[in-house]
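Since the structure comes first, as structure tokens, the remarks are kept for the end.
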Amino acid sequence: MTRVAVLVSGGGTNLQAIIDSVADGRITNASISLVISNNKNAFALERARKAGIKSMLISPKDYTDRKHFNQALIAALDESKIDLVVLAGYLVIIPPEMVEKYPNRIINIHPSLIPSFCGTGFYGLKVHEGVLERGVKVTGATVHFVDVGTDSGPIILQKAVYVKEGDTPEILQRRVMEEAEWKILPKAIDLFANGRLSVTGHKVHIEGEVEL
Ligand code: GRF
């Protein structure tokens with residue numbers, strides 16, 4: 001059984017998609033052992049409570065410096081014997097020592113088709129604003145392993161979403177979540193938990209067919 005920690009900062013709709021997928025069997029061989037938030041007001045914490053999942057608030061504000069915050073974060077993962085860390089709308093930079101400790105065992109969801117509209121400064125609504133400003137007709141979401149760069153790790157799954165006439169960043173954000181994020185993030189966790197992912201260099205190989 002893969003022990004999963006989900007790290008969140010906000011509303012937690014991706015966390016909810018994971019909770020629902022574990023409950024209805026779209027994710028097998030995995031349990032959500034821990035939810036960690038850096039933000040005490042994150043609604044994601046409420047979702048964890050409702051689902052009976054252990055949650056922790058670990059905020060940089062409560063530590064004298066980043067070093068101590070990073071240590072607390074890694075200690076929490078170690079204590080819960082976490083196999084897979086899922087960043088689901090987590091707005092804190094992951095410490096390099098954590099990436100080193102969990103090689104190809106941290107995954108992130110990004111709301112664009114990487115390598116477009118990603119990297120420093122592209123988070124939250126800014127991604128969708130960038131998409132609309134550039135006028136691309138197709139966007140989407142990407143799940144990738146986390147390396148020491150920003151949105152630069154090996155890509156696991158991607159799903160395309162059409163941009164429509166009259167879209168606002170908010171409308172587009174919602175469509176990308178519904179049509180892509182809430183599907184590919186749970187799917188990637190299921191693939192990991194069932195040993196179907198392997199990484200060679202910068203490429204992820206998936207065993208068998210994947211339906212999204
Ligand atoms: C999602 O768009 C995710 O891709 C991005 O932050 C947002 C989080 O939303 N990284 P939620 O907290 O899961 O509702």
Side-chain angles (χ1 to χ4, degrees), residues 4-23 26-27 32 34-51 53 55-59 73 84-94 98-99 106-133 136 138-147 149-163 167-190 212:
V4 180
V6 185
L7 275 52
V8 294
S9 298
T13 61
N14 279 289
L15 169 65
Q16 192 65 53
I18 300 166
I19 292 171
D20 295 346
S21 299
V22 170
R26 275 173 295 158
I27 295 177
I32 311 171
L34 180 63
V35 168
I36 298 176
S37 174
N38 63 306
N39 167 13
K40 70 172 173 8
N41 297 317
F43 187 66
L45 286 171
E46 185 56 33
R47 294 181 192 270
R49 262 191 292 276
K50 268 196 197 135
I53 299 165
S55 63
M56 293 175 82
L57 173 69
I58 305 179
S59 167
L73 190 58
L84 175 68
V85 179
V86 177
L87 310 181
Y90 187 60
L91 298 174
V92 177
I93 305 277
I94 295 301
M98 184 167 142
V99 176
I106 307 172
I107 66 176
N108 180 47
I109 177 86
H110 182 77
S112 77
L113 293 175
I114 290 175
S116 290
F117 308 104
C118 65
T120 310
F122 280 116
Y123 60 90
L125 274 180
K126 291 189 193 302
V127 176
H128 306 291
E129 283 163 9
V131 163
L132 292 176
E133 261 162 40
V136 297
V138 180
T139 182
T142 303
V143 184
H144 63 92
F145 283 114
V146 172
D147 64 10
T150 306
D151 301 329
S152 56
I155 291 171
I156 303 168
L157 290 173
Q158 293 187 298
K159 192 164 192 293
V161 174
Y162 281 109
V163 178
D167 271 351
T168 62
E170 290 79 6
I171 291 171
L172 186 56
Q173 180 182 50
R174 182 75 192 180
R175 187 177 319 114
V176 168
M177 284 177 157
E178 284 177 359
E179 292 184 9
E181 294 183 41
W182 301 342
K183 293 183 178 155
I184 64 175
L185 186 56
K187 188 50 150 186
I189 296 169
D190 181 63
L212 290 170

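Each ligand, and each atom within it, is numbered from 1 in the order the structure gives.
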Would you say F43 has more than 12 foreign heavy atoms packed within less than 6.0 Å of its CZ? yes
Specify the closest pair of heavy atoms between A141 and I109, including all atoms of both residues, with the distance to one decimal. CB-CD1, 4.2 Å
For E170 and L125, run side chain to side chain contact (heavy atoms under 4.5 Å, CB included): C-alpha distance rounded to whole Å, both residues' side-chain angles, the deciding distance at 0.1 Å, then the answer. CA-CA 7 Å; E170 290 79 6; L125 274 180; 3.6 Å; yes
Could a heavy atom of V8 be found less than 4.0 Å from some atom of ligand 1? no
Would you call E46-R49 a salt bridge at under 4.0 Å N-O? yes
With V163, the side-chain contact (heavy atoms from CB on, under 4.5 Å) member among I171, T139, V176: T139
What I want to know is whether T13 and ligand 1 share at least one N or O pair that is separated by under 3.5 angstrom. yes
Side chain or backbone, does Q173 bring an N or O within less than 3.5 Å of an N or O on ligand 1? no
What residue and atom, counting heavy atoms only, is the protein's closest point to atom 1 (C) of ligand 1, and at what distance? E181 OE1, 3.0 Å
To the nearest 0.1 Å, how far is atom 6 (O) of ligand 1 from its closest protein heavy atom, and which atom is that? G89 CA, 3.6 Å
Please check if atom CD1 in I93 has more than 12 non-hydrogen atoms from other residues, nucleotides or ligands closer than 6.0 Å. no
For P111, atoms of ligand 1 separated by under 4.0 Å from a heavy atom: 4 (O)
Within the 4.0 Å heavy-atom shell around M177, which atoms of ligand 1 are there? 1 (C), 2 (O), 9 (O), 14 (O)
Regarding S9 and N39, is there a side-chain donor-to-acceptor distance under 3.5 Å anywhere? no
shortest atom 10 (N) of ligand 1-to-protein heavy-atom contact is with I109 O, 3.5 Å
Does an N or O anywhere in G12 fall below 3.5 Å from an N or O of ligand 1? yes
